[in-house]
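Worth saying up front: this structure is predicted, and the values here are computed from it rather than measured. In each ligand, atom 1 is the first atom listed, and ligand 1 is the first ligand listed.
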Amino acid sequence: MVTIVHKYGGTSVGSVEKIKNVAKKVAAVRAKGNKVVVIVSAMGHTTDELIDLMHQITKEPHPREYDMLVSTGEQVSAALLSLALQEISCPAISLTGGQAGVETEDIYRKGRIKNIKLKRIEQELKEGKVVIVTGFQGIDSKGDIITIGRGGSDTSAVAIAAALKADVCDIYTDVDGVYTTDPRIVTEAKKLKTISYEEMLELASLGAQVLHPRAVECAMVYGIKIHLRSSTKDIEGTYIREGNKMEVKKAVRGVALDKDIAKIGILKVPDKPGSAAKLFKALADAKINVDMIIQSVHSAGSQADMAFTVGKGDAIRALEITKNIAKAQKAEGAVCDTEVEKVSIVGTGMISQPGVAAKMFEALSSKKINIEMISTSEIKISCVVTAGQGKKAVAVLHKKFDLGK
Ligand code: ADP
Ligand code: ASP
Ligand code: MG
C-alpha cells in the first residue's frame, strides 16, 4: 500500500466548488487503494483577512493571540474538505496540527516543526480514512498553537511526508510548476522540469513564493522528492530533487524578487572588536533573522556605518534594538528604510562561470536601477534596490541571462 501526501494551497481550496473538486480527486486516489494524507491551507485570502481584522484592533498583536487567530483559517478548509469527502462516501477526518501530533518550538509566529507524533494519523489511516491536516501550525510544549511562518503549509506537508516516509509528496497550487521567475511578473518565464534542492532553497529563501523555504530544507534533509503541480490541470509539474552534478548548467536558473524586506542602518559606530557581535547577538536573542549585512569604514578609520536587512514584520523591533545598541555604543544613531526590495539571481552553475556578477550589475545599470546593497554566495547574487524598481529589475535580468529560452 502506497502512502501519498498531497497539499492544496489557498487558491486551490478558495471556494466550496473548488473544495468539492479537490474532494473528488482525493477520493479517486484513495479508491486506488492508497493511504492518503491531505494538508490544506486556508481558503483564498483568509489569512490576510484575519490579519486585517486583528490590525483593526491593534497594530502590534500579542504573538500568542496572533497564532490563535490566524491558525483558524486552515481549520475551516480542513473541516470543509473532510465533509465534502464524507458527502461522496469517502471516509475522512480533519485534524488540527496539534491533533495530528505536529510539535513545534515554543516560538509564536515562526516556530519550526521539531517532531511529529504519528500515532493519531496512523490510527486514522489504518481505519481507512483520508486524513486531512491543517497546514501552517503545530503546538508547543505548553500546548499553545504555534504558526510556522507565512506560506508554511508547504513545510507542514513535507514534514508530514518525511515522518510518514511517504512515497509521494505532491504540492498542488495555482501555477503548473516552478518557473525561471514569477510568471505573474515576466510572461516569458519558462517552466522548469526539475530543479535541485539547493537552487529551489535559494529561490524560495530569496522571495519566490511558490514554495516555503523550510519545506525545501526539510525535503533536502529527508530526501523527499516534491512534485509541485497545478491543482486544475492534470499535467506534469516540476520535480524538486537531488541535483545531477554532471549536468552542464546555465550559470543562472532563476530570478527572485522579495518585497518583504526592510533596511536598518547604524551610523558611526566606534570601529572596534565586538561592536557587530553585540548588535547581532541582541537581534538573535529577539529571534530576528538578519539577512544581508554591509559595513563601510569612514575615512578617519575610527568609525563605521553598518546596514542590514530584516523582514518587514521585524523592522520596528529591529530598529528599537539597534537604537538601544547605538546609544550604548555611543554611535550616532539608527535608521530604518522600508522602501526597498531585493532582487536575486540563482544558479549552481555560477561557481564555475566568471563574470556573472558584472553581467547582473550591467543589466541593472542599463535600466538606471541603483544598487543599494549587494550580497553573494556561491550560487546566488542579491541586490537591494529602491521599492518599485524590483519588477523592472527582474524583467531585465531574466532577459540578460536568456532564461526565457
Ligand atoms: P499556494 O497558495 O498554493 O501556496 P502561493 O501563492 O503561495 O500558492 O504560490 C504560488 C505563486 O507563487 C504563484 O501564483 C506565482 O505567482 C508565485 N511565484 C513566485 N515565484 C515563482 C516561480 N519562480 N515559479 C512559479 N511561481 C512563482
Ligand atoms: N494560510 C497561511 C498563509 O497564508 C499558510 C499557507 O498558505 O501556506 O500564509
Ligand atoms: Mg504558498
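- With a 6.0 Å radius and a threshold of 12 heavy atoms from other residues, nucleotides or ligands, K312 has its NZ atom above the threshold.
- Looking at F136 next to ligand 2, no N or O pair under 3.5 Å apart turns up.
- In this structure, ligand 1 sits under 4.0 Å from heavy atoms belonging to K7, G9, G10, T173, D174, V175, G177, V178, Y179, T181, D182, P183, R184, A208, Q209, V210.
- Between S77 and V40, the shortest heavy-atom contact is OG-CG2, 3.8 Å.
- For G73, the closest heavy-atom approach to ligand 2 does not fall below 4.0 Å.
- Using 4.0 Å as the threshold, G152 has a heavy atom nearer than that to some atom of ligand 2.
- Here the protein heavy atom with the shortest distance to atom 6 (C) of ligand 2 is S153 OG, 3.4 Å.
- The side-chain heavy atoms of I148 and T104, taken from C-beta on, include a pair separated by under 4.5 Å.
- R64 has its side chain out of reach of K142: every pair of non-hydrogen atoms, C-beta onward, lies at least 4.5 Å apart.
- Considering only non-hydrogen protein atoms, atom 1 (N) of ligand 2 sits nearest to E74 OE2, 2.6 Å.
- Within a 6.0 Å radius of CG in D285, other residues, nucleotides and ligands contribute more than 12 heavy atoms.
- A donor-acceptor contact closer than 3.5 angstrom is absent between the side chains of T173 and K7.
- At a 4.0 Å heavy-atom cut-off, ligand 2 touches S41 through the side chain alone.
- For the pair V186/Y179, no side-chain contact is recorded, criterion being any heavy-atom separation below 4.5 Å from C-beta on.
- The shortest contact between atom 9 (O) of ligand 2 and any protein heavy atom is with R150 NE, 2.6 Å.
- With Y239 as the aromatic partner, K225 meets the cation-pi criteria of under 6.0 angstrom to the ring centre and within 45 degrees of the ring axis.
- Considering every non-hydrogen atom in both E372 and T386, the closest pair reads OE2-OG1, 3.2 Å.
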